[in-house]
Every structure is written in structure tokens, then in C-alpha cells.
2 protein chains.
Amino acid sequence: MTEAAADLTRNQALVYGALEKTGTPMSAYTILDELRDDGFRAPLQVYRALDKLVEQGLVHRLESLNAFVACRHASCHRGGFIAFAICDTCGQVSEFSDDALSRRLSGWAGKHSFKPSKTTIEIRGLCAGCSNA
Amino acid sequence: MTEAAADLTRNQALVYGALEKTGTPMSAYTILDELRDDGFRAPLQVYRALDKLVEQGLVHRLESLNAFVACRHASCHRGGFIAFAICDTCGQVSEFSDDALSRRLSGWAGKHSFKPSKTTIEIRGLCAGCSNA
DNA sequence: ATCTATATGTTATAGCGTAACAAATCTGAT
DNA sequence: ATCAGATTTGTTACGCTATAACATATAGAT
Ligand SMILES: [Zn+2]
Ligand SMILES: [Zn+2]
Ligand SMILES: [Zn+2]
Ligand SMILES: [Zn+2]
């Protein structure tokens, strides 16, 4: 567990720990199985913890995977939208945030009077390592 | 049914028709219910049709909604990535494709030797009409 | 002590998606 | 016409993802 995981409840800390230890995306049910020995019994225990962790930005939800991944950045919410590149072979996730990209999307929204609440940018494909294999 | 729906099988045409008639995103199960009177009985009948329709670009899958929407563009696959703005109140979906955006994402991929296969860009929020209400 | 708010536990259920197998239909040969 | 292969369709059963509803426990404030 790096730093950011301050004042987490027991369940939140366990879920965050599982995600961080694994490093790649996990489904809520995989997390549940991982935490059976720690007393977890029902999906809701996982989902509730995930809700808070996502809210705090410690964990990201990957929509195209229906899965969750621990954030690697110290603080990845400097305003801009976050993009994810997800390798379909090894599961590795790279987060990046591009100002030009964010401006482009915000620009479209502004021009069309659309008020964004949540933005998803996910590139599925093969990472450098896996495309050489 | 506009034009593009050429050489679709019966099931594909029915699913596409349902999506086009509704105009907003529909889940596979909603489509199924809509098509009971046409003889649909099982989810797979819908999913199989959707697979083909998505493959042909007539329908888009919205990852953040686990739902599907009929494409409004005559041909929206001129190479660039497609972005979707989805109103959480009225369900209206606006598709747009921005060259600068596409270049930006392709640029990141190139620089990191990441080979994209599928890209998801979805902005959830409120459309102009709904934020005035 | 009591009250309030938040976190947890537990059961049941709803919603999304596919595996596996069978039957029908369509196609393009001979 | 008919046969073989491919594609489409039908059907059952199942697995994965997510939440509703209700009960209990815990922590802090007065
Ligand atoms: Zn992050
Ligand atoms: Zn990889
Ligand atoms: Zn389109
Ligand atoms: Zn709207």
C-alpha cells in the first residue's frame, strides 16, 4: 500500500490492497474471492468499498471491462480527463492525461452546451511488450 | 428504416428497426421485450443480431451504459475515433468525430508502441435542453 | 445514556451476456 | 434436382455484474 490510502475503513483498505497488489484490472467478484479469507461474503461489501475508493480517486472503473484498477498516479485529478490504454493480452493499464485532448472534448461540450459529469476514454489493444510476442 | 439497412437478415432488420425507431440507447433485454411479438424469445437472438450490426457500423455499443444505439451518420467510419455525448436525463446521444482528438490518441499510441484495436470515448452529462429544465 | 450518522453484514433479486447443442435455411456446386 | 457446406436461427441452461431491502454494529456528539 503506497501512501494515499489514509483514513480508509477496514473494507476499503482491504479492497484497495487487493487491487494494488494485483496491479491489473479486477472484477468486483474476483476481488470478493480474493478477500474471502478476510471475512468478505457478499458482492455488496466489495461494491460499497469500490464506490468510496472511486469517489476518492484511488481506484478507477474501466467501463469497457466492467472492472476496477488501482490508480498509479499520486493525484491524477488535476482537472483534465483521464485516458486509459488497456492491453487485452497482459491486462496492463496505462493512464494518461492529455491537455489538448481535454480541451478538445471540453470545447465540443461548450459549443453544444453539454454539461459533462463523467468522461470515459479507453483504448483497448496490445501493449508494446505483447505485440512483440 | 433509413437507407443503409441493406442485406440484413430478418432478425438483424428487426433489431435495427427497434433501435432506430426508439432513437435513444436500448439494452439488449429491452430490445428483446420490444420484439416478443415478432417471435423473439431469447437474449441470444438479440445479441447475435447486434454483433453483426455493430460489425457493420450500423449500431454502436455504449460501454458506459451497457446499451446500444443506432448510428445516425450515413457512414461514420472515416478512420477517426468516434466520441459520444450521452444525456443522462433524456438519453439523447450525439456522435462526433474530431480529427485533432483522433490524432492525439493515435499519437500517444504511436509513441508508446501501443496497437489500438477498439477505442471508447463517452461523455456522460446533461444536454442543452435538459440542463435548462 | 441517547441520538445521529456512517459503516457493515446478509439475503434475495434484477440485469447483462454467453456456452452448447439442435434445427432450419441458404448457397453454390455437380 | 440434389447434395454438401456454410450461415442463420431457435432453445435451454448457466455465469457474471450490480443493486434493493432490511438488519446490525460502530463512532462521535450532546
Ligand atoms: Zn489515476
Ligand atoms: Zn500487454
Ligand atoms: Zn455512428
Ligand atoms: Zn437531455
Side-chain angles (χ1 to χ4, degrees), chain A residues 5-19 22 24-56 58-69 84 86 88 91 93 118 120 122 124, chain B residues 5-19 22 24-56 58-69 84 86 88 91 93 118 120 122 124:
Chain A
D7 49 87
L8 294 180
T9 66
R10 168 180 155 84
N11 284 4
Q12 289 161 20
L14 284 167
V15 168
Y16 182 64
L19 280 169
T22 298
T24 46
M26 301 175 81
S27 78
Y29 279 72
T30 304
I31 296 172
L32 175 57
D33 287 337
E34 201 71 25
L35 296 179
R36 297 258 178 217
D37 293 344
D38 295 292
F40 274 55
R41 294 275 167 276
L44 214 49
Q45 297 176 284
V46 178
Y47 281 109
R48 288 202 274 231
L50 286 171
D51 281 348
K52 300 291 182 168
L53 292 168
V54 168
E55 207 173 295
Q56 294 176 45
L58 290 172
V59 166
H60 300 294
R61 174 182 168 81
L62 301 174
E63 298 290 351
S64 70
L65 244 42
N66 292 331
F68 302 84
V69 70
F84 300 89
I86 304 163
D88 286 328
V93 174
K118 208 235 168 193
T120 301
E122 295 174 17
R124 301 278 296 271
Chain B
D7 50 86
L8 295 180
T9 66
R10 168 181 154 84
N11 284 4
Q12 289 162 18
L14 284 167
V15 168
Y16 182 65
L19 281 170
T22 299
T24 47
M26 301 174 81
S27 79
Y29 279 72
T30 304
I31 296 172
L32 175 58
D33 287 338
E34 201 71 23
L35 296 178
R36 296 257 179 220
D37 293 345
D38 296 292
F40 274 55
R41 294 276 166 275
L44 215 50
Q45 297 176 285
V46 178
Y47 281 110
R48 287 203 274 232
L50 285 171
D51 281 348
K52 300 293 183 166
L53 291 168
V54 168
E55 207 174 295
Q56 294 176 47
L58 289 171
V59 165
H60 299 295
R61 173 180 172 83
L62 300 174
E63 298 289 350
S64 70
L65 244 44
N66 292 331
F68 301 83
V69 69
F84 301 88
I86 304 163
D88 285 328
V93 175
K118 209 234 169 194
T120 301
E122 295 174 16
R124 302 278 296 271

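Proteins get letters first, then strands, A, B, ... in listed order; numbering begins at 1 in each.
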Does A:S27 have a side-chain nitrogen or oxygen under 4.0 Å from the phosphate oxygens OP1 or OP2 of D:dC16? no
Check the phosphate of C:dG9 against A:Q45, side-chain N and O only, distance under 4.0 Å to OP1 or OP2. Yes or no? yes
Nucleotide D:dT9, atom C1' - distance to CG of B:L35 in whole Å: 14 Å
Nucleotide nearest B:L44 (side chain, heavy atoms from C-beta), chosen from C:dT8, C:dG17, D:dT11: D:dT11
Just verifying a value: how many Å separate B:E34 CD and B:L19 CG, rounded to the nearest 0.5 Å? 10.0 Å
Counting only side-chain N and O atoms of A:R10, is one of them less than 4.0 Å from OP1 or OP2 of D:dA25? no
Interatomic spacing from CZ in B:F40 to CG in B:L14 - rounded to 0.5 Å: 5.0 Å
Mind calculating the distance between CZ (A:R36) and P (C:dG9) to the nearest angstrom? 13 Å
Rounded to whole Å, CD1 of A:I31 lies from P of D:dA18 at a distance of 10 Å
Quick note, B:Q12 side chain, CB onward, closest among D:dT11, D:dA18, D:dT9 is D:dT9
Between P on D:dG10 and CZ on B:F40, what's the gap in Å once rounded to a whole number? 7 Å
One should read off an interatomic distance between A:D33 CG and A:S27 OG, to the nearest 0.5 angstrom, of 8.0 Å
Quick check: does any side chain N or O of B:R124 sit under 3.5 Å from a backbone N or O of B:S64, one acting as donor and the other as acceptor? yes
Between C1' of D:dA18 and CZ of A:R61, the distance in whole Å: 9 Å
Taking for each residue the nucleotide of DNA chain D with the nearest heavy atom, is it B:N11 or B:P43 whose nucleotide lies nearer the 5' end? B:N11
If only atom types and distance count, is the side chain of A:E122 paired as donor or acceptor with the main-chain N or O of A:I86 below 3.5 Å? no
Nearest-nucleotide wise, let me know which of B:N66 and B:K52 is further upstream toward the 5' end of DNA chain D. B:K52
Quick note, A:R48 side chain, CB onward, closest among D:dG10, D:dT8, D:dA21 is D:dA21
Within the 4.0 Å heavy-atom criterion, would you say B:A42 contacts the bases, only the backbone, or no part of the nucleic acid? base
Give the nucleotide from the list D:dA18, D:dT12, D:dG10 with an atom nearest to the side chain of A:Y29. D:dA18
I need the OH-P distance between B:Y47 and D:dC14, as an integer number of Å. 19 Å
Would you indicate which nucleotide in D:dT9, D:dT11, C:dT8 comes nearest to any side-chain atom of B:R41? D:dT11
Rounded distance in Å - CG (A:D33) to C1' (D:dT17): 13 Å
To the nearest angstrom, how far is B:D51 atom CG from D:dT8 atom P? 12 Å
